[in-house]
Amino acid sequence: MNKTILITGGAGFIGSNFIPLFLNQNLGVKIVTIDKLTYAGNLSNLKAVENDNRYSFIKGDICDRNLIEGLFKEHNFQGVIHFAAESHVDNSIEKPSEFINTNVLGTFNVLDVAKNHWMKTPFEVKEKFKKARFHHISTDEVYGTLGKTGLFSETTSYAPNSPYSASKASSDFIVRSYFHTYGMNVVTTNCSNNYGPKQHDEKLIPTIIRKAIEGESIPIYGDGQNIRDWLYVVDHCKGIDLAFNKGVSGETYNIGGKNERNNLYIANTICEVLDELLPKSSSYKEQISFVKDRPGHDFRYAINASKIEHDLGWEAQENFETGIRKTIDWYINKYKS
């Protein structure tokens with residue numbers, strides 16, 4: 001094997017979609033993934049690779065510094081792709097301390113251990129770690145909210161509005177500081193809202209599909225006009241692979257799907273597809289209901305992905321209407337089996 005990469009949070013939604021793709025695209029690479037297996041991480045998400053001899057799994061917490069140091073000593077990681085994060089905004093409103101611990105202190109732990117393992121002194125990398133890179137996965141929520149027009153770019157000022165986005169903004173800044181202070185080889189990607197197979201049941205799209213199939217009320221916050229730029233998870237994973245392998249050190253790349261849709265449109269679209277695939281006596285749309293908006297609910301996110309498109313040749317393959325059909329098929333399989 002040429003090198004071993006540490007992937008944190010590999011049993012979560014995006015990480016578990018990324019690992020099979022990454023192993024397929026990078027044949028000389030071995031992966032060790034660590035995951036705490038909290039509510040969002042699920043080992044069944046990694047069934048496709050569990051017998052691959054280039055993959056191994058460790059149950060553990062990125063806040064456990066001794067564990068992280070031991071793993072670096074054992075495996076001599078040549079790279080880190082850092083997915084591990086608490087990411088559910090509603091939960092961050094209820095329990096912000098967990099988000100600060102995992103997203104800020106956890107990121108610092110892994111980053112600092114990597115720096116100490118790879119570097120002799122600031123701006124001097126040990127010979128065998130010359131190409132070692134830390135890739136930090138972040139979110140467009142760090143930029144705050146948009147009005148009806150405009151797009152987030154890599155130069156947009158940070159203005160996080162929830163404990164979740166504030167914790168991710170903090171981690172972004174820590175990663176940035178390690179590039180500027182120590183000359184560490186880092187790259188950051190900020191993505192728009194992901195959807196697709198293996199997403200946790202509590203997120204918007206799986207919730208709509210599940211509630212629809214189970215004949216329950218489909219809850220939509222406020223008036224349903226909040227807009228997100230939706231990115232199919234496999235497209236995101238391809239962008240991460242590109243940025244990790246070809247991105248310029250110290251740079252940030254925004255990955256977005258150019259698929260702005262409001263929440264009511266999403267609910268209606270899912271119901272229309274279900275009316276076609278699993279017809280019943282009345283339309284699933286009749287189950288849509290509006291619930292009280294959550295505190296600090298950002299109106300709109302949308303990403304300008306032209307930098308990663310132009311510099312690294314990335315391009316989204318799915319639009320929302322094609323990606324949502326694949327997603328619904330996967331969840332029908334899950335909920336009906």
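Below, all heavy atoms of this structure are taken into account, side chains as well, without hydrogens, waters or symmetry copies.
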Colleague: Taking the six-membered ring for Trp, are W230 and Y195 parallel (under 30°), tilted (30 to 60°) or perpendicular (over 60°)?
Modeller: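 Perpendicular, since the angle between the ring planes exceeds 60°.
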Colleague: Mind checking whether V80 and I34 sit in one hydrophobic cluster, side chains of I, L, V, M, F, W, Y counted as touching below 4.5 Å?
Modeller: yes
Colleague: Going by the rule side-chain contact (heavy atoms from CB on, under 4.5 Å), which residues pair with T155 if we only count those two or more places apart in sequence or in a different chain?
Modeller: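 With neighbours one apart ignored, the set is S153.
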Colleague: Which residue pairs pass the salt bridge (charged side-chain N to carboxylate O under 4.0 Å, His left out) test with at least one member in residues 214-230, sequence neighbours excluded?
Modeller: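 Matches after skipping sequence neighbours: K211-E216.
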Colleague: For residues T8 and I68, determine if any side-chain heavy atom of one lies less than 4.5 Å from a side-chain heavy atom of the other.
Modeller: no
Colleague: Name the orientation class of the two ring planes belonging to F244 and F22 (parallel below 30°, tilted from 30 to 60°, perpendicular beyond 60°).
Modeller: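 Judged by the thresholds at 30° and 60°, the geometry between F244 and F22 is perpendicular.
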Colleague: Once you round to the nearest 0.5 Å, how far does CG of L46 lie from CG of D35?
Modeller: 8.0 Å
Colleague: Under 4.5 Å between any side-chain heavy atoms of V233 and P197, yes or no?
Modeller: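 V233 vs P197: side chains touch.
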Colleague: Less than 4.5 Å apart, any side-chain heavy atom of I31 and any of N26?
Modeller: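 Sidechains of N26 and I31: no contact.
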Colleague: Would you find more than 12 non-hydrogen atoms of other residues, nucleotides or ligands less than 6.0 Å from K130 atom NZ?
Modeller: yes
Colleague: Testing the basics here: between H82 and I62, what is the closest heavy-atom pair and its distance to 0.1 Å?
Modeller: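 Where H82 meets I62 most closely, the heavy atoms are CE1-CD1, 3.7 Å.
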Colleague: Any side-chain heavy atom of I220 sitting closer than 4.5 Å to one from I208?
Modeller: yes
Colleague: Please tell me whether N17 and N194 have a donor and an acceptor in their side chains that are separated by less than 3.5 angstrom.
Modeller: no
Colleague: Can you find a heavy atom in the side chain of V248 that is under 4.5 Å from one in the side chain of Y253?
Modeller: yes
Colleague: Assess whether a salt bridge exists between K238 and E315, defined as any Lys/Arg side-chain N lying under 4.0 Å from an Asp/Glu carboxylate O.
Modeller: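 Answer for the salt bridge query: no.
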Colleague: Salt bridge or not between R65 and D112? Use side-chain N to carboxylate O under 4.0 Å.
Modeller: yes
Colleague: Do the side-chain N and O atoms of N185 and S249 include a donor-acceptor pair separated by under 3.5 angstrom?
Modeller: yes
Colleague: When hydrophobic residues are tied together by side-chain contacts of less than 4.5 Å, even through go-betweens, does V291 share a cluster with I209?
Modeller: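 No, V291 does not connect to I209 through the hydrophobic network.
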Colleague: Indicate if Y178 and V125 have the same hydrophobic cluster label, given that clusters are the connected sets of ILVMFWY residues with side-chain heavy-atom separations under 4.5 angstrom.
Modeller: yes
Colleague: For P20, which residues count as a side-chain contact (heavy atoms from CB on, under 4.5 Å) partner, sequence neighbours excluded?
Modeller: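 Scan of P20 (side-chain contact (heavy atoms from CB on, under 4.5 Å), adjacent residues dropped) gives V49.
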Colleague: Any ion pair linking D235 and K258 (charged N to carboxylate O, less than 4.0 Å)?
Modeller: no
Colleague: Could you state the interatomic distance from OG1 (T189) to CD1 (I255), rounded to the nearest 0.5 Å?
Modeller: 4.5 Å
Colleague: Mark yes when over 12 heavy atoms from residues, nucleotides or ligands other than K36 sit less than 6.0 Å from its NZ; otherwise mark no.
Modeller: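 Incorrect, the count does not exceed 12.
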Colleague: Listed by chain and number, what are the side-chain contact (heavy atoms from CB on, under 4.5 Å) partners of S171, not counting sequence neighbours?
Modeller: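 Residues passing side-chain contact (heavy atoms from CB on, under 4.5 Å) with S171: T107, H136, K168.
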Colleague: How long is the gap from CG on N263 to CG on N268, to the nearest 0.5 Å?
Modeller: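 N263 atom CG to N268 atom CG measures 11.0 Å (nearest 0.5 Å).
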Colleague: Any side-chain donor paired with an acceptor under 3.5 Å for Q225 and N262?
Modeller: yes
Colleague: With clusters built from Ile, Leu, Val, Met, Phe, Trp and Tyr whose side-chain heavy atoms come within less than 4.5 Å, directly or transitively, what are the remaining members of the cluster of V142, listed by chain and number?
Modeller: Y143, L146, F152, Y158, F173, Y301, I303
Colleague: With a 6.0 Å cut-off on the ring centroids, do F77 and H117 count as close?
Modeller: no
Colleague: Do NZ/NE/NH1/NH2 and the carboxylate oxygens of E286 and K280 come within less than 4.0 Å?
Modeller: no
Colleague: Identify which one of S177, S138, S167 satisfies the side-chain hydrogen bond (donor to acceptor under 3.5 Å, both in side chains) criterion when paired with D172.
Modeller: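 Going through the options one by one, the only one that passes is S138.
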Colleague: According to a 4.5 Å side-chain heavy-atom criterion applied to Ile, Leu, Val, Met, Phe, Trp and Tyr, with indirect links allowed, do L37 and Y55 form part of one hydrophobic cluster?
Modeller: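 As far as the 4.5 Å side-chain criterion goes, Y55 and L37 are connected within one cluster.
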Colleague: Applying side chain to side chain contact (heavy atoms under 4.5 Å, CB included), run through L6 and H75 and close with a yes or a no.
Modeller: CA-CA 9 Å; L6 174 66; H75 297 283; over 6 Å; no
Colleague: Listing request: all ring pair (Phe, Tyr, Trp, His ring centres under 6.0 Å) pairs with a residue in residues 255-291, at least two apart in sequence or in separate chains.
Modeller: none
Colleague: For the atom pair CD1 (I14) and NE2 (H236), what is the distance rounded to the nearest 0.5 Å?
Modeller: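 Separation between the atoms: 5.0 Å.
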Colleague: So, taking the atom named NZ in K203 and the one named CG in N193, what distance separates them when rounded to the nearest 0.5 Å?
Modeller: 8.0 Å
Colleague: Around atom CZ of R261, are there more than 12 heavy atoms from other residues, nucleotides or ligands closer than 6.0 Å?
Modeller: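 Result for CZ/R261: enclosed.
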Colleague: At their closest point, which heavy atom of S192 faces which heavy atom of G257, and how far apart are they?
Modeller: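 Scanning both residues, the minimum pair turns out to be OG-N, 3.6 Å.
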Colleague: Measure across S217 and P219 and return the closest heavy-atom pair with its distance rounded to 0.1 Å.
Modeller: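 In terms of heavy atoms, the two residues are closest at O-CD, 3.4 Å.
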Colleague: Would Y331 end up clustered with Y232 when hydrophobic side chains under 4.5 Å apart are linked, directly or stepwise?
Modeller: yes
Colleague: Assess whether a salt bridge exists between E86 and K95, defined as any Lys/Arg side-chain N lying under 4.0 Å from an Asp/Glu carboxylate O.
Modeller: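 No, E86 and K95 are not salt-bridged.
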Colleague: Take the angle between the ring planes of Y164 and F99 and call it parallel below 30°, perpendicular above 60°, tilted in between.
Modeller: perpendicular
Colleague: Taking atom NE2 of H180 as the centre, report whether more than 12 heavy atoms of other residues, nucleotides or ligands fall under 6.0 Å from it.
Modeller: yes
